[in-house]
Engineer: 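Take this structure, written in structure tokens, and hold onto it; I'll ask about it next.
Lettering of chains follows the sequences in order, A, B, ..., and the numbering in each one begins at 1. Please read these numbers as outputs of a predicted model, since none were measured by experiment.
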Amino acid sequence: MTDTTANNKEITPKANFIHQLVEKDLAEGKNNGRVLTRFPPEPNGYLHIGHAKSICLNFGIAQKFGGLTNLRFDDTNPEKEEDEYVKSIMEDVRWLGFDWGDRLYYASDFFQNLYDFAVQLIREGKAYVDDQDAETISEQKGSPTRPGVESPFRSRSIEENLLLFEGMKNGDFDEGSKVLRAKIDMASPNMHMRDPILYRIMKTPHHRTGDKWVIYPLYDFAHGQCDYWEGITHSVCTLEFEVHRPLYDWFIDQLKDSDYRPRQIEFARLNLTYTVMSKRKLLELVRDKYVSGWDDPRMPTISGLRRRGYTPASIRNFADRVGVTKVEGTSDVTLLEHSVREDLNKTALRVMGVINPLKVVITNYPEGQTEEMDAINNPEDPEAGIRTVPFTREIYIEQDDFMENPPNKFFRLSPGREVRLRYAYFVTCTDVVKDDQGNIVEVHCTYDPASRGGNSPDGRKVKSTIHWVSVPHAIEAEVRLYDRLFTVEDPAGDKERDFKEYLNPDSLVVMPRCFVEPSVKDASPLSHYQFERLGYFNVDPDSNPEKMVFNRTVLLKDAWSKEKSKGA
RNA sequence: UGUCCUGUGGUGUAAUUGGUAACACGUCUGACUCUGGAUCAGAAGAGUUCAGGUUCGAGCCCUGACAGGACAACCA
């Protein structure tokens, strides 16, 4: 994996309420000063920016308090989980800059332990096999405001339960015909305590255990115990699991043989404007081809952001900036965008590229002559050095940088106006060439030979500097202009309408004929550039020597476009 | 008519645990500039959901409202 980001310096995460709780535990001498967190994804999809927040949080806590972090795959549902996802998740966590060392776990590593624990619960009269179907069980569960009723199978004998559960394990029963349930309290105000299902029969091969098991534990029966067996001290998860905590505590109460127990702490998941974050919706976008894949640069997935040109540091900084609380809110994408700009501004090489080419002929410049102009690679980083850019009589400039009838505050090229060609010469527009339809096809200028390098010895000023690419030296490239995937801040917020109705039709605009200066010729995939005055771009993996492809990561802040929209 | 959680500038967070609301993003000025970028300087913007109470003093504590969210998969 290639990443050219130099800015990988450690950031000290901003203290948040979880840090404070950990600090307090440490001060009280809990867990003998040990801190072990974990990142527990289900391998049923690609990781997104919300997971990045969790990853940074969990690894960040461990780093801050001298602890470690486990990577654990919660793979208790073989119908949804795939190895492809396991691979992508590991790749993404590493790319973000975190390392779980040899602490790689799977919930499926604990299938036997879980089974044994279930048998223990049966022996203690705390679990039973229920023969009812899903619908019946669901009805009997009641509702948040109505207590449930007990299953007629609730009082089976321990012996019978043991026998039946073993039968379930041995594949003697059909899928859906039996489940194992905990015997807790059908009248509990907490729905999760109403005899939750522990095991279901599923004759689906598992990505790791194959067909060894035909019964699988449910997440609720697996997660807390895995934490326990791994020795997790602080089990950080999102808010929706808050109501599950009493159940997890109940399981650990049945299991523990010391004072140790993992402490679960919940925080608010990340929401971002102009995108969706649920795996189900992201999967839908991928499956129904609204995007090119999980790593489509418009996706909020980590792989999508990577392909878009985001850097690990920018995502880590973003995660730190949004903070960690229990308040459910929505963060502004502009904060994410600010984080990449901030990082790329310091690290990306500057280069000139023209996206909407307009040909300019410098009529008093010698035909056939080429000059090599010195250009600074990164004004923010002197170490990046300089390069030369070829200059000739015919160049491309940006269509937006020329207006025949400019409004008041337009500083760029227009008839009679002089501007600077960056690192080259002052030029003055003398003529506009149009086709039969009246479209501008070419602009003629004259240059001031004394202004070589970009300054005139007489000290006269120009209002603007524009970028350019020499026609004979230009590398033709495809540039993919990405914008927000959705047109509204909260596409999933409207219950009446499908979120896909808010898809932004202009989220991808492909510019097939752009021109870039020759220095980028051998750029490797994913390397970052700033196209001066336009934005940050990176080389797409689709790029090849015959046809380079760039993705626009994010625009530069643009005072002119703001000025324009004011007038509108 | 339940249980649990949460309410601080536009957004995201902070407030040394009771001491007179801070930071970042965004917005708006201005300076500087061979990127209308970056940088620098400055400004506006909340009196902390509301109402009571305790206190010399409350965003922090208490009471009660109100608002938002989570919970009724053999999903995680």
Side-chain angles (χ1 to χ4, degrees), chain A residues 14-16 20 40-42 44 74-77 79-81 107 130 133-135 137-139 141-148 175-181 188-194 197-202 215-216 218-220 222-223 237-246 266 268 270 273 279-280 320-339 341-342 345-346 350 352 375-376 379-380 409-412 420-424 426 453-455 461-467 489 530-535 555-563:
Chain A
K14 206 159 66 182
N16 57 55
Q20 290 170 13
E42 183 191 12
N44 69 340
D74 267 328
D75 53 353
T76 54
N77 185 352
E79 284 178 355
K80 289 185 179 172
E81 293 145 10
D130 196 330
D133 60 29
E135 203 185 330
I137 291 176
S138 168
E139 271 166 26
K141 264 207 169 147
S143 79
T145 54
R146 195 182 72 246
E175 282 191 14
S177 65
K178 283 182 171 48
V179 289
L180 183 73
R181 292 228 257 167
S188 169
N190 185 334
M191 296 288 294
H192 300 283
M193 301 300 273
R194 324 243 262 227
I197 293 170
L198 271 26
Y199 267 94
R200 78 284 219 191
I201 299 168
M202 243 179 170
I215 55 171
Y216 292 94
L218 274 96
Y219 172 86
D220 275 354
H223 192 86
C237 63
T238 43
L239 253 25
E240 69 268 30
F241 295 106
E242 204 154 26
V243 224
H244 298 235
R245 194 173 37 186
E266 307 85 5
L270 175 71
T273 54
K279 273 196 199 172
R280 206 210 86 231
D320 190 48
R321 264 189 262 257
V322 295
V324 178
T325 63
K326 300 191 71 154
V327 187
E328 285 226 54
T330 304
S331 293
D332 203 319
V333 244
T334 60
L335 189 56
L336 216 210
E337 293 172 346
H338 170 261
S339 296
R341 284 199 196 95
E342 178 190 54
N345 176 48
K346 288 181 292 197
R350 267 89 249 236
M352 292 194 282
I376 295 165
E380 305 296 318
K409 288 187 174 168
F410 185 83
F411 304 147
R412 284 107 96 147
R420 172 167 39 233
L421 295 175
R422 174 140 242 222
Y423 299 126
F426 285 9
N455 283 297
K461 302 281 187 202
V462 287
K463 281 282 256 189
S464 86
T465 300
I466 65 175
H467 60 276
E489 286 201 358
Q530 184 196 100
F531 287 6
E532 292 217 35
R533 304 207 306 129
L534 296 179
L555 285 158
L556 244 33
K557 278 211 274 183
D558 182 359
W560 165 239
S561 70
K562 209 173 269 179
E563 192 63 45

Engineer: What's the CD-P distance between A:Glu240 and B:G69, to the nearest Å?
Structural biologist: 15 Å
Engineer: Using both distances under 3.5 Å as the test, list the Watson-Crick or G-U wobble partner of B:C56, or none.
Structural biologist: B:G19
Engineer: Using only heavy-atom distances, decide whether a donor-acceptor pair under 3.5 angstrom links the side-chain of A:Arg321 to the base of B:U13.
Structural biologist: no
Engineer: May I ask which nucleotide in the shown strands pairs with B:C71, Watson-Crick or G-U wobble, both distances under 3.5 Å?
Structural biologist: B:G2
Engineer: Would the distance check show the side chain of A:Asp558 and the main-chain N or O of A:Ser561 forming a donor-acceptor pair, the cut-off being under 3.5 Å?
Structural biologist: yes
Engineer: With a non-hydrogen cut-off below 4.0 angstrom, is A:Glu266 in contact with a base, only sugar-phosphate, or nothing?
Structural biologist: nothing
Engineer: With rounding to whole Å, what would you report as the distance between B:G9 and B:A46 at their P atoms?
Structural biologist: 10 Å
Engineer: Does the separation of the ring centres of A:Phe410 and A:Trp560 fall below 6.0 angstrom?
Structural biologist: yes
Engineer: Mind checking A:Gly329 for me? I need base, sugar-phosphate or nothing, with any heavy atom below 4.0 Å counting as a touch.
Structural biologist: sugar-phosphate
Engineer: Rounding to an integer number of Å, can you tell me how far A:Glu139 CD sits from B:A73 P?
Structural biologist: 11 Å
Engineer: Quick one: label A:Lys463 by what it contacts on the DNA or RNA (base, sugar-phosphate, nothing), any heavy atom closer than 4.0 Å.
Structural biologist: nothing
Engineer: Nearest to the side chain of A:Thr325, heavy atoms from C-beta on, is which of B:A14, B:U6, B:G36?
Structural biologist: B:A14
Engineer: Does A:Lys279 make a side-chain N or O approach to OP1 or OP2 of B:C75 shorter than 4.0 Å?
Structural biologist: no
Engineer: Would you say A:Lys557 reaches B:G26's phosphate, i.e. side-chain N/O to OP1/OP2 under 4.0 Å?
Structural biologist: yes
Engineer: What about A:Arg412: does its side chain form a donor-acceptor pair under 3.5 Å with the base of B:G36?
Structural biologist: yes
Engineer: Relative to the 5' end of RNA chain B, which residue comes earlier, A:Ala134 or A:Tyr423, by the nucleotide with the nearest heavy atom?
Structural biologist: A:Tyr423
Engineer: Side chain of A:Ala559: nearest nucleotide among B:C71, B:G36, B:A76?
Structural biologist: B:G36
Engineer: What contact category does A:Ile466 fall into here, base, sugar-phosphate, or nothing, at under 4.0 angstrom with non-hydrogen atoms?
Structural biologist: nothing
Engineer: Looking at every strand, decide which applies to A:Pro147 at a 4.0 Å heavy-atom threshold: base, sugar-phosphate, or nothing.
Structural biologist: nothing
Engineer: With nearest nucleotide decided by heavy atoms, which residue, A:Phe410 or A:Glu81, maps closer to the 5′ end of RNA chain B?
Structural biologist: A:Phe410
Engineer: P atom, B:A24 versus B:G42: distance in rounded Å?
Structural biologist: 12 Å
Engineer: Mind checking if A:Phe241 touches a base, just sugar-phosphate, or nothing, with heavy atoms under 4.0 Å?
Structural biologist: base
Engineer: A:Asn345 has a side chain; which of B:G37, B:C75, B:G36 sits nearest to it?
Structural biologist: B:G37
Engineer: Since syn is defined as within 90° of 0, does B:U35 count as syn or as anti?
Structural biologist: anti
Engineer: Picking from B:G36, B:U17, B:A76, which would you name as closest to the side chain of A:Arg533?
Structural biologist: B:G36
Engineer: Can you check the distance between B:A65 and B:U6, where both ends of the measurement are the C1' atom (answer in whole Å)?
Structural biologist: 16 Å
Engineer: What contact category does A:Asp133 fall into here, base, sugar-phosphate, or nothing, at under 4.0 angstrom with non-hydrogen atoms?
Structural biologist: base
Engineer: Examine distances only and state if a side-chain atom of A:Thr238 and a backbone atom of A:Ala268 form a donor-acceptor pair shorter than 3.5 Å.
Structural biologist: no
Engineer: Just checking A:Ser561: base, sugar-phosphate only, or nothing, at a heavy-atom cut-off of under 4.0 Å?
Structural biologist: nothing
Engineer: Would you kindly check whether a donor in the side chain of A:Glu380 faces an acceptor in the base of B:U39, or vice versa, at under 3.5 angstrom?
Structural biologist: no
Engineer: For the side chain of A:Glu328 and the base of B:G7, is some donor closer than 3.5 Å to an acceptor across the two?
Structural biologist: no
Engineer: How long is the line joining CZ of A:Arg194 and P of B:C4, in whole Å?
Structural biologist: 14 Å
Engineer: Compare the minimum distances between each of B:G2, B:U35, B:A76 and the side chain of A:Arg422, then state the nucleotide with the smallest one.
Structural biologist: B:U35
Engineer: Between B:A51 and B:G12, how far apart are the P atoms? Round to whole Å, please.
Structural biologist: 23 Å
Engineer: Of the options B:C75, B:G12, B:G37, whose atoms approach the side-chain atoms of A:Lys80 most closely?
Structural biologist: B:C75
Engineer: Between B:U11, B:A76, B:U35, which one does the side chain of A:Asp332 approach most closely?
Structural biologist: B:U11
Engineer: Is a donor on one side and an acceptor on the other found under 3.5 Å between the side chain of A:Arg194 and the backbone of A:Lys141?
Structural biologist: yes
Engineer: Quick one: label A:Asn455 by what it contacts on the DNA or RNA (base, sugar-phosphate, nothing), any heavy atom closer than 4.0 Å.
Structural biologist: base
Engineer: Can you check B:G12 for me, syn or anti if syn means within 90° of 0?
Structural biologist: anti
Engineer: Take the protein atom CG of A:Leu335 and the nucleotide atom C1' of B:A24, then report the distance between them rounded to whole Å.
Structural biologist: 7 Å
Engineer: Nearest to the side chain of A:His338, heavy atoms from C-beta on, is which of B:C25, B:U35, B:A76?
Structural biologist: B:C25
Engineer: If pairing requires Watson-Crick or G-U wobble contacts with both distances under 3.5 Å, which nucleotide is the partner of B:C25?
Structural biologist: B:G10
Engineer: Between B:G19 and B:C60, how far apart are the two C1' atoms, rounded to whole Å?
Structural biologist: 12 Å
Engineer: Distance between the C1' atoms of B:U63 and B:U20, in whole angstroms?
Structural biologist: 24 Å
Engineer: Report the nucleotide, chosen from B:G2, B:U35, B:C74, that has the shortest atom-to-atom distance to any side-chain atom of A:Arg200.
Structural biologist: B:C74
Engineer: Can you tell me the Watson-Crick or wobble partner of B:U63, both distances under 3.5 angstrom?
Structural biologist: B:A51
Engineer: Answer with base, sugar-phosphate or nothing: what part of the nucleic acid does A:Thr76 contact at a heavy-atom distance below 4.0 Å?
Structural biologist: sugar-phosphate
Engineer: Can you find a side chain N or O atom of A:Gln20 that sits less than 4.0 Å from OP1 or OP2 on B:A14?
Structural biologist: no
Engineer: Compare all side-chain heavy atoms of A:Glu42 with those of A:Asp75 and state whether any distance is below 4.5 angstrom.
Structural biologist: no
Engineer: Is a donor on one side and an acceptor on the other found under 3.5 Å between the side chain of A:Arg420 and the backbone of A:Gly454?
Structural biologist: yes
Engineer: Between B:G2, B:U13, B:A72, which nucleotide has the shortest distance from any of its atoms to the side chain of A:Val327?
Structural biologist: B:U13
Engineer: Classify the nucleic acid contact of A:His192 as base, sugar-phosphate or nothing, counting any heavy atom under 4.0 Å across all strands shown.
Structural biologist: sugar-phosphate
Engineer: With a non-hydrogen cut-off below 4.0 angstrom, is A:Arg350 in contact with a base, only sugar-phosphate, or nothing?
Structural biologist: base
Engineer: Taking only the C1' atom of each, what is the distance from B:G45 to B:G52 in whole angstrom?
Structural biologist: 30 Å
Engineer: Check every strand shown and say whether A:Val179 touches a base, only sugar-phosphate, or nothing at a heavy-atom separation below 4.0 Å.
Structural biologist: base
Engineer: Is B:A46 syn or anti, taking syn as a glycosidic angle within 90° of 0?
Structural biologist: anti
Engineer: If I take atom CD in residue A:Glu242 and atom P in nucleotide B:A76, what distance separates them, rounded to the nearest angstrom?
Structural biologist: 20 Å
Engineer: May I have the distance from A:Ile376 (atom CD1) to B:G37 (atom C1'), rounded to whole angstrom?
Structural biologist: 14 Å
Engineer: Scan side-chain atoms only and decide if A:Ser188 and A:Asn190 contain a donor-acceptor pair under the 3.5 Å cut-off.
Structural biologist: no
Engineer: Does some side-chain heavy atom of A:Ile215 sit less than 4.5 Å from a side-chain heavy atom of A:Met202?
Structural biologist: no
Engineer: Roughly how many Å apart are B:U16 and B:C32, using the P atom of each and rounding to a whole number?
Structural biologist: 42 Å
Engineer: Check whether more than 12 heavy atoms from other residues, nucleotides or ligands sit under 6.0 Å from atom NZ of A:Lys463, and answer yes or no.
Structural biologist: no
Engineer: With heavy atoms under 4.0 Å as the rule, sort A:Ser138 into base, sugar-phosphate or nothing.
Structural biologist: sugar-phosphate
Engineer: Would you tell me if any nitrogen or oxygen in the side chain of A:Lys562 comes within less than 4.0 Å of OP1 or OP2 on B:U27?
Structural biologist: yes
